[in-house]
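Heads up: the structure comes next, in structure tokens.
Chain A is the first sequence line, chain B the second, and so forth, proteins listed ahead of strands; every chain is numbered from 1.
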Protein chains: 2
Amino acid sequence: MAELDELDQALLRELQRDARRTNRELAAATGVSPSTSLERVRSLRERGVIRGYRLDLDFAKIGRPVQALIALRVHPPKRQVIEAFREWVALLPETVGVFVVTGGEDFLVHVAVPDNDALYAFVIDRLTQRPEVADVRTSVVFEHIRPRVIAPAKRNA
Amino acid sequence: MAELDELDQALLRELQRDARRTNRELAAATGVSPSTSLERVRSLRERGVIRGYRLDLDFAKIGRPVQALIALRVHPPKRQVIEAFREWVALLPETVGVFVVTGGEDFLVHVAVPDNDALYAFVIDRLTQRPEVADVRTSVVFEHIRPRVIAPAKRNA
DNA sequence: GGTGAAACTCACCAGAT
DNA sequence: ATCTGGTGAGTTTCACC
């Protein structure tokens, strides 16, 4: 885990609200000079705390208003089978996220599609096509909330 | 759904790879002048296609290496109960995402915590504290893959 | 809609504390 | 480690196509 002082945390808070804020704005918001905030943000990126800067797209506005989470198991649940399925499903155009999990299922596949027909087709034509796929259970997603700011864990000092 | 021509789609592709690419880079990559790409990106944002620019944080590096998806039902499953729980759970510091779903469960809560103890405490101290929470089922997340680029649906022209 | 140039703002690198 | 100032890029506007 990376060391994060108050300034690092403040910069992360600001950038989570809007990842395109200028360095000068960041400096003003955190009360340091632009060169300091620039150096800190660069360090956060080099240390891998910041993995990148992503677009937040409205799936409905790009023609994919129907979202679902598809829980499934693969058979047999061996490493090779799991990894092959993971690579395959992550590259499908409908897929917007893949959780590899323990418990009742092996995968939760998050998809966004144009309509219910496309969802049904995805499940019965694409997924069920794969021989290793078993126990498919589809849940339609009504809403997906993502907190705007995620804080670092308190340190055990 | 928004109308997206080839240029809009190309700009969305570029921005999804790196939401902080400069306008000049976007213009060069898409073969238009900087003022054109600036105007297009602005339009995408005003139309709500682009909802914002987010940081991609490494949860492990901020002291929260353990992720889980907690499926649960609320009782009774009425609008008021569901909405109250949704608002409450979305604001917990452990929560990094909330899916409101149909099917076997009502919610899938995505959390990131420092260790297994914190996960266990979250489930039995926090969630179970709420009287409306029933049928809690926890899955540990080994891996969460998010495709770097998500394409708009093909239009039914 | 798209372009090109001008004015403004910013990122980035020094050098010093 | 942080700040102040300076220079080269980048952003943004606007008149024109």
Side-chain angles (χ1 to χ4, degrees), chain A residues 1-58 61-63 148-149 151-157, chain B residues 1-58 61-63 148-149 151-157:
Chain A
M1 166 179 176
E3 296 287 329
L4 300 171
D5 67 10
E6 273 304 322
L7 178 55
D8 290 324
Q9 295 188 37
L11 289 168
L12 289 178
R13 271 196 303 276
E14 297 298 328
L15 279 172
Q16 282 186 90
R17 288 188 223 280
D18 177 3
R20 290 203 62 145
R21 295 186 69 176
T22 66
N23 184 56
R24 293 174 92 94
E25 286 175 329
L26 290 177
T30 54
V32 294
S33 73
S35 55
T36 300
S37 65
L38 186 68
E39 172 54 31
R40 289 301 194 99
V41 172
R42 190 177 289 165
S43 167
L44 288 167
R45 200 136 104 92
E46 279 166 4
R47 287 187 284 164
V49 179
I50 296 173
R51 300 204 297 186
Y53 304 92
R54 292 278 192 84
L55 260 200
D56 184 6
L57 283 183
D58 187 322
K61 294 250 168 72
I62 60 171
R148 42 245 135 257
V149 177
K154 289 161 194 62
R155 312 212 65 246
N156 312 338
Chain B
M1 164 180 179
E3 296 287 328
L4 301 171
D5 66 10
E6 273 304 322
L7 177 55
D8 290 322
Q9 296 188 35
L11 289 168
L12 290 177
R13 271 196 303 275
E14 297 298 327
L15 279 172
Q16 282 186 90
R17 289 189 223 277
D18 178 4
R20 290 202 65 146
R21 295 187 68 174
T22 67
N23 186 53
R24 293 176 86 94
E25 286 175 330
L26 290 178
T30 55
V32 295
S33 72
S35 49
T36 300
S37 66
L38 185 70
E39 172 54 30
R40 287 302 193 99
V41 173
R42 188 177 289 166
S43 167
L44 287 168
R45 199 135 106 94
E46 279 166 3
R47 287 187 283 163
V49 179
I50 295 172
R51 300 203 298 188
Y53 304 92
R54 292 276 193 84
L55 261 200
D56 184 6
L57 283 182
D58 187 320
K61 294 248 168 73
I62 61 172
R148 41 246 134 255
V149 176
K154 290 161 194 61
R155 313 212 64 249
N156 313 338

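- Salt bridge A:Asp56/B:Arg45: absent, no basic N to carboxylate O contact under 4.0 Å.
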Going 5' to 3' through nucleotides 6-17 of chain C and flagging B where a protein heavy-atom sits under 4.0 Å of the base, S where only the sugar-phosphate is that close, and - otherwise, we get ----BBBB----
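- For the residue pair B:Ser43 and B:Arg47, a side-chain donor N or O sits within less than 3.5 Å of a side-chain acceptor on the partner.
- Atoms CZ (A:Arg40) and P (D:dA1) sit 8 Å apart, rounded to a whole Å.
- For the pair B:Ser37 and B:Asn23, the tightest heavy-atom approach, listed with the atom from each and the gap, is OG-OD1, 2.7 Å.
- For C:dG2, neither phosphate oxygen OP1 nor OP2 lies less than 4.0 angstrom from any side-chain nitrogen or oxygen of B:Ser33.
- Rounded to 10 degrees, the angle separating the terminal axes of the helix from C:dG1-D:dC17 to C:dT17-D:dA1 is 30°, with each axis obtained from five end pairs.
- With sequence neighbours left out, the salt bridge (charged side-chain N to carboxylate O under 4.0 Å, His left out) criterion links A:Glu3 to A:Arg155.
- Looking at B:Arg40, B:Arg21, B:Arg148 one by one, the single match for salt bridge (charged side-chain N to carboxylate O under 4.0 Å, His left out) with B:Glu14 turns out to be B:Arg21.
- Classification of B:Arg13 and B:Asp8 as a salt-bridged pair fails, no side-chain N sitting under 4.0 Å from a carboxylate O.
- Between B:Ala2 and B:Val49 the shortest heavy-atom distance is CB-CG2, 3.6 Å.
- The CD-P distance, from B:Glu39 to D:dT11, rounds to 15 Å in whole Å.
- Nearest heavy-atom pair, B:Leu4 versus A:Lys61, reported as atom, atom and distance to 0.1 Å: CD1-O, 4.4 Å.
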